[in-house]
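Only one structure is covered here, and it is reproduced in the block below.
Numbered from 1 within each chain, the chains take letters A, B, ... in sequence-line order. Treat the numbers as computed from the prediction; the structure is a model and nothing was measured.
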Amino acid sequence: MTAAESAELAQRYDPRDVQEKWQARWAELDPFRASEDPADPRGRFYLVDMFPYPSGDLHMGHAEAYAIGDALARYEFLRGRNVLHPIGWDAFGLPAENAAIRNNSHPADWTYANIETQAASFRRYATSFDWSRRLATCDPSYYHWNQWLFLRFFERALAYRKDGYVNWCPVDQTVLANEQVIAGRCERCGAEVVRRMLNQWYFKITEYADRLLADAAQLEGCWPDRVLLMQRNWIGRSEGAEVDFMVESRDEPVTVFTTRPDTLYGATFFVVAADSPLAEQVCAPDRLAELRGYVEQVRKLTDIERQSTERDKTGVFLGRYAVNPVNGERIPVWAADYVLPDYGTGAIMAVPAHDQRDLDFARAYGLDVRVVVDTGQPDPAQTGVATAGDGTLVNSGPINGLAKSDAIAAITAILAEKGLGRAAVSYRLRDWLVSRQRFWGTPIPIIHCPSCGQVPVPDDQLPVVLPDLRGQDLVPRGVSPLAAAEDWVNVSCPRCGGAAKRDTDTMDTFVDSSWYMFRYCSVDYADGPFDPAEVRRWAPVDMYVGGVEHAILHLLYSRFFTKVLYDMGLLAFTEPFTRLINQGQVINGGKAMSKSLGNGVDLGEQIERFGVDAIRLTMIFASPPEDDIDWADMHPEAMVKFLGRTWRIAADVAAADADPGGAENRAGAPGDTELRRATHRTIDEVTRQVEAYHLNVAVARLMELVSATRKAIDAGPGAADPAVREAAEVLAVLLSLFAPYTAEECWELLGHKPSVARAAWPAADPALLARETVTCVVQVNGKVRDKLDVPPAITEAELRELALAAPGVVRTLGSQQVRRVIVRPPKLVSIVAA
RNA sequence: GCGGGCGUGGCGAAACGGCAUACGCGGCAGGUUUAGGUCCUGUUGGUGGCGACACCGUGGGGGUUCGAAUCCCCCCGCCCGCACCA
């Protein structure tokens, strides 16, 4: 074949044309089905991509995430592992319900239709899923086990109801977990969240705060640092002490939590959270009206206003005094909204000299400021700047003269001894609010009986299936739409048989996603959430791929669930995901894609234009997986070109094969050594880059090999050389991680059947990796002055001599004295001269 | 405010403390082509020089080192998380 003919062919290769052909073959071959044979000798690898929400077709963000996960999964397959790479859908949730309301249809119709759309798109996208394991969380066969788990949590007192201030989204008309409130706004719809006092279901994640924190250590180096950091900050452990203060006209002491018990002698007033029940309890009767007026005012503020640090401190005096347990001093009790009702004990001792918030409050209301730690900084009462640093204790009785940290220990010991306080730990983490006043979720399997209270639905009556409600109004009104299904709601109490009502709330969808990775191991298992034997075989997940937006929410909840399941004896490990990769976002023109900006890029359109392979390759080649990709800077056409070049190499080899002369040529030696070296270096490099998740660099190495092979064909030994065939075969297998269609075409052109998915990852020949000469850089005073080609095994003495004699070195040195020579054979000599 | 991360060509990005800018885009030049496109080849950090070369160069400043994009300190800029958590 002439170069012109070959170019002509390349022009004819359009990666889009081969997609249907291979989809059909893959469907038939099912090459990525995990082996269910427990005796399968291959090492196992469990890779999970965060499952999608079926809110329409796949989008650009999915295209990146699944390209990364798929490359890693295919790598493990080709390495000979028995890989489990499943897919499912996070199928409950508000968007389905809102879409149903808009279209006057049922959430299930919308959801299942979108699932089919996405499944078809996944197949087109050539993802290497084991399709026999797909799941959808809205299937009763799935949420059955949400309910079962809920009841196990309930038995262990890890699921409980309480009154509390909750985040209420006025648009979605439902409560939200703390984790779902982003900067005071609803994570889903962006509306400003307001606080409401409601009786709701919670999961007691705070009981696991310490373990969630401690076990994060074993994820170090395996999860992105920033995710671990965010989780640590979210859990927010602080060490300090509890101190009991007596308050006039009250028998029980009021306990405060403080991280600075050393400043106890500097407490000049006492503050309770205005909207906590405690405020009314300690308030003098004649001040009650004022307190209530104040609380009313505060409640009108949105969380965003309330949390603004710019806002002036406000509060009311409650007409009572608290007694400082260490010195008997009477200090006024105030109520203020800068003290939170649900952190610590909802009350604080205020030390204005050493806490900025207390100081701001003291200055607003003319309260005393007393310095008890001498930090050498100016008087806070004068400057308005609290001094929080280290220093020496003053005005503090028995702890005078101690340094801050010693004083903390000393005063804590004194308090403990007198029974007035104790060392304590507090967490920023709150319990997980799991009930939602919406329809499209898992019904909470509890029956409320007037005489028996909260009664679990018996296991053998699970699942509690959602009532149909087809054709009924699902518009949110603050009460779950399930309440309207009277036939469904009204039941007899399983315990006493009397008239009772089902709980009408549904579970937060994050419950669904907290354990789905275990369900994948046995999607049809009917005797429990998962088959323990199967989970033992596959789990924990070796590699988890998904967006950083779940750094706290889903990833913290999953870790919590795993620990509870471990405590229940259902799992043998305590962390669900051994390794985690967060891919970046796909943005456009420097901004996240959004309808309002009109900068959305449609994945389907991109695939129509460039083909799946080019889009996958563009995603992979753009940057390291964790970086954002700005689509405006991307050039998928360059990948189309690269795919054509790669394909043409295989085509040239095939053509040379067909040429009778070619066969003779191949009969002999292994072929061109230079190209063979390049091929084996590429195998070695790509293997290492993939192992390090530097997928973009792996693609760059493939591009280099394509260029080298092209040269060998056009200006070297020609397409019939066995080294060219070897290069072409290696390219096909390596490329299959990223561009499966083109890889299949090449593999087929090279005469292989039935699929490159059945090929083996090539091994680099060490003999071909060894280099005959290496380039040695010779520096003089830190600057490169010459380069030498030397054998890799050169000795230090030989290299030193060669370097000193190198022309560039001689020229630079001139009359200078050589002071020192550092020799690092075979790559570097550094000469210090003066 | 607190915590963390990142600043490398015109652009996306490479670089165990050891040749800065691999690979790709874009640009320039050439070949193929009736032309354009496709395809192929070469070239492409800045300044100076015909040139071999020289000097400068990884946000800015300082330090450690024979040697720093890489390690340390300060500053500037951008991004992310938390946000009255006592």
Under 3.5 Å donor-acceptor pair, A:Lys313 side-chain atoms to B:C84 base atoms: yes

Cation-pi geometry met for A:Lys313 and A:Phe361 (6.0 Å, 45°): no

B:G18 base / A:Gln779 side chain donor-acceptor hit below 3.5 Å: yes

Sugar-phosphate only, base, or nothing, as touched by A:Asn696 at under 4.0 Å among non-hydrogen atoms: sugar-phosphate

Nearest-angstrom distance, P atom, B:A20 to B:U44: 16 Å

Sugar-phosphate only, base, or nothing, as touched by A:Arg824 at under 4.0 Å among non-hydrogen atoms: base

Pair A:Asp355 + A:Arg260: basic N to acidic O under 4.0 Å: no

Nucleotide B:U21, atom P - distance to CD of A:Glu704 in whole Å: 13 Å

Contact under 4.0 Å: A:Arg645 side-chain N or O vs B:C40 OP1/OP2: yes

A:Ile822 CD1 to B:A68 P, straight-line distance once rounded to whole Å: 12 Å

Short side-chain N/O contact from A:Arg710 to OP1 or OP2 of B:U41, under 4.0 Å: no

Gap in Å between the two C1' atoms, one belonging to B:U33 and one to B:U47, rounded: 40 Å

N/O donor-acceptor pair under 3.5 Å between A:Tyr294 side chain and A:Thr314 backbone: yes

Euclidean distance, atom CD1 of residue A:Ile629 to atom P of B:G24 [Å, nearest integer]: 18 Å

Closest-nucleotide 5' rank along RNA chain B - winner of A:Leu229 and A:Asp628: A:Leu229

Counterpart base for B:A20, defined by Watson-Crick or G-U wobble contacts under 3.5 Å: none

Closest approach of A:Pro15 to A:Leu643 (non-hydrogen atoms, all atoms of both residues): CG-CD1, 4.3 Å

Base orientation of B:G9, syn vs anti, 90° cut from 0: syn

Salt-bridge criterion met for A:Asp244 and A:Arg422 (N-O under 4.0 Å): yes

Residue whose closest nucleotide on RNA chain B lies nearer the 5' end, A:Gln689 versus A:Met349: A:Gln689

Rounded P spacing from B:U70 to B:A15 in Å: 15 Å

Minimum-distance nucleotide to A:Tyr338 side chain [options: B:C23, B:C84, B:G18]: B:C84

Sugar-phosphate only, base, or nothing, as touched by A:Lys787 at under 4.0 Å among non-hydrogen atoms: base

Pairwise P distance for B:C19 and B:U58, with rounding to whole Å: 15 Å

Sugar-phosphate, base or nothing in reach of A:Ser426, heavy atoms under 4.0 Å: nothing

Touch class at under 4.0 angstrom, heavy-atom based, for A:Arg785 against every strand present: sugar-phosphate

Base paired to B:C2 (Watson-Crick or G-U; both N/O distances under 3.5 angstrom): B:G81

